[in-house]
Amino acid sequence: RTCPFETSPHRPIVADDALPPDGDPVGETPDYTPEQLERRRRLIDAAFELGAAGGYEAVHMRDVAATANVALATIYRNFTSKDHLLAEAMSEWTGRLRDRVAQRPPKGDNPTDQMIDVLDRACATMARQPKLSKALVRAMASPDAGVRSSGGAVRSSIADVGDPILAHLDADTRADILAVLGHVWYSALITWANGRTDFDTVADELHRACRVLISPYNP
């Protein structure tokens with residue numbers, strides 16, 4: 001099985017985002033065996049598959065276990081909750097977006113147009129899988145400690161995409177622009193996921209944010 005968002009080979013799913021029960025970051029990355037990584041990968045693929053078919057409500061941990069052909073206890077050794085699992089799927093997807101951008105650089109004559117091209121590609125991909133996209137957005141709003149760690153991985157992948165486009169700016173300005181863009185994107189997705197707007201409006205909001213934030217710094 002592969003992620004419905006992307007049919008390219010998996011990038012490794014490492015455990016940088018693991019959290020202990022109290023929610024504080026782990027000091028060291030746990031060592032996963034190849035077999036454990038493969039089971040973790042199958043669980044995330046199963047979440048993608050079930051979410052794409054039926055949305056958030058269709059992702060039940062027992063069904064994920066059955067689809068991935070692993071024991072139910074294995075899920076809870078990897079993920080604290082369904083929301084954590086779906087948030088990790090979102091992290092996986094943004095990582096794949098980062099990899100695709102590296103393989104096919106953004107189009108545009110200036111940083112504003114290049115950032116809009118990247119965000120348009122991301123929005124088009126999400127719009128093709130609305131049930132899954134809404135499930136991932138809903139999970140990212142959860143207060144679960146594991147979701148917080150996965151959210152950090154999502155932000156890191158987005159920064160990896162945006163940093164080369166804004167390489168002519170100093171590090172603090174780049175970080176500020178990308179942070180605000182991330183907030184605009186998340187807010188627009190929440191509004192869309194709640195049925196209050198369509199995906200064209202999400203794209204329009206991102207275009208406007210790019211023009212306001214980046215155009216003054218175009219070379």
Side-chain angles (χ1 to χ4, degrees), residues 2-12 14 16-17 48 87-130 132-134 136-141 148-219:
T2 54
C3 166
F5 279 143
E6 173 60 35
T7 57
S8 64
H10 290 285
R11 67 184 177 91
V14 294
D16 309 33
D17 306 324
F48 276 131
E88 190 65 16
M90 184 68 161
S91 172
E92 167 76 357
W93 175 73
T94 54
R96 293 179 188 185
L97 171 65
R98 176 200 60 206
D99 295 344
R100 291 198 303 276
V101 170
Q103 295 167 2
R104 184 165 64 90
K107 298 177 182 178
D109 296 329
N110 55 63
T112 301
D113 291 342
Q114 291 168 9
M115 188 68 75
I116 286 174
D117 178 64
V118 168
L119 294 172
D120 279 350
R121 284 153 60 178
C123 285
T125 302
M126 295 187 79
R128 286 194 293 269
Q129 294 286 347
L132 175 57
S133 297
K134 289 179 180 180
L136 299 181
V137 171
R138 179 171 172 179
M140 292 299 293
R148 292 202 306 273
S149 67
S150 297
V154 170
R155 289 189 294 274
S156 177
S157 291
I158 292 173
D160 288 344
V161 169
D163 277 342
I165 296 173
L166 304 177
H168 61 295
L169 301 177
D170 64 85
D172 288 342
T173 302
R174 284 200 310 271
D176 288 344
I177 289 173
L178 292 173
V180 174
L181 271 179
H183 288 306
V184 171
W185 194 8
Y186 180 68
S187 175
L189 285 174
I190 288 288
T191 303
W192 165 76
N194 287 329
R196 297 200 299 270
T197 189
D198 56 24
F199 229 104
D200 287 341
T201 303
V202 174
D204 289 344
E205 288 295 309
L206 289 170
H207 291 186
R208 179 167 62 175
C210 287
R211 288 192 295 268
V212 170
L213 294 168
I214 302 174
S215 291
Y217 297 101
N218 281 343

**Item:** Side-chain donor-acceptor pair present, T191, T197, cut-off under 3.5 Å
**Value:** no
**Prompt:** Between atom OG of S150 and atom CZ of R155, what is the distance when rounded to the nearest 0.5 Å?
**Reply:** 10.0 Å
**Request:** Please lay out, stage by stage, how L189 and M126 fare under the test side-chain contact (heavy atoms from CB on, under 4.5 Å).
**Result:** CA-CA 10 Å; L189 285 174; M126 295 187 79; 4.2 Å; yes
**Request:** May I ask you to decide if R121's main-chain N or O and T125's side chain share a donor-acceptor pair within less than 3.5 Å?
**Result:** yes
**Message:** So does H183 get a backbone contact from the side chain of S187, meaning a donor-acceptor N/O pair under 3.5 Å?
**Reply:** no
**Message:** If you compare all heavy atoms of P216 against all heavy atoms of R211, which two are closest, and at what distance to 0.1 Å?
**Reply:** CD-O, 3.7 Å
**Atom pair CZ/OG1 of R208 and T201 - distance to nearest 0.5 Å** = 10.5 Å
**Message:** Looking only at the side chains, is there a donor atom on one of S157 and D160 sitting less than 3.5 Å from an acceptor on the other?
**Reply:** no
**Prompt:** Judged by atom type as modelled, is there a donor-acceptor pair below 3.5 Å linking the side chain of T94 to the main-chain atoms of S91?
**Reply:** yes
**Item:** salt bridge (Lys or Arg N to Asp or Glu O under 4.0 Å) involving D204 - partner list, sequence neighbours excluded
**Value:** none
**Request:** Identify the two heavy atoms, one from V202 and one from A188, that lie closest to each other, and give their separation to 0.1 Å.
**Result:** CG2-O, 3.6 Å
**Message:** As an exercise, state the distance from CD of E205 to NE2 of H207, rounded to the nearest 0.5 Å.
**Reply:** 11.0 Å
**Fill in**
Between R98 and V161, the two heavy atoms sitting closest are CA-CG2, 3.5 Å
**Asked** Looking only at atom types and distance, does a side-chain atom of D117 sit under 3.5 Å from a main-chain N or O of D113, one as donor and one as acceptor?
**Response** no
**Asked** Would a 4.5 Å heavy-atom cut-off, applied to side chains only, mark W192 and K134 as touching?
**Response** yes
**Request:** May I have the step-by-step check of side-chain contact (heavy atoms from CB on, under 4.5 Å) for Q129 and F48, ending in yes or no?
**Result:** CA-CA 10 Å; Q129 294 286 347; F48 276 131; over 6 Å; no
**Prompt:** If you take all heavy atoms of A203 and D120, which pair is closest and at what distance?
**Reply:** CB-OD1, 4.3 Å
**Message:** As an exercise, state the distance from CG of N218 to OG1 of T112, rounded to the nearest 0.5 Å.
**Reply:** 3.5 Å
**Message:** Show, in sequence, the C-alpha distance, side-chain angles and deciding distance for L181 and I214, and conclude whether the side-chain contact (heavy atoms from CB on, under 4.5 Å) test is met.
**Reply:** CA-CA 10 Å; L181 271 179; I214 302 174; 4.2 Å; yes
**Prompt:** Do you know which two heavy atoms are closest between V118 and P106, and how far apart they sit?
**Reply:** CG2-CB, 3.6 Å
**Prompt:** Which heavy-atom pair separates L178 from A159 by the least distance, and what is that distance?
**Reply:** CD1-CA, 3.9 Å
**Prompt:** For R104, does the CZ atom sit with more than 12 other heavy atoms under 6.0 Å from it, leaving out its own atoms?
**Reply:** no
**Asked** Does NE2 in H168 sit with more than 12 non-hydrogen atoms of other residues, nucleotides or ligands closer than 6.0 Å?
**Response** yes
**Request:** Tell me, yes or no, whether the heavy-atom count around F199 atom CZ, taken from other residues, nucleotides or ligands under 6.0 Å, exceeds 12.
**Result:** yes
**Request:** Could you grab the distance from atom CG of D163 to atom CD1 of I158, nearest 0.5 Å is fine?
**Result:** 11.5 Å
**Asked** Is any side-chain heavy atom of L206 less than 4.5 Å from a side-chain heavy atom of I116?
**Response** no
**Request:** Can you establish whether the number of heavy atoms outside D170 located under 6.0 Å from its atom CG is more than 12?
**Result:** yes
**Message:** Please determine whether side-chain contact (heavy atoms from CB on, under 4.5 Å) holds for the pair M115 and L166, giving the CA-CA distance in whole Å, both sets of side-chain angles, and the decisive distance to 0.1 Å.
**Reply:** CA-CA 9 Å; M115 188 68 75; L166 304 177; 4.1 Å; yes
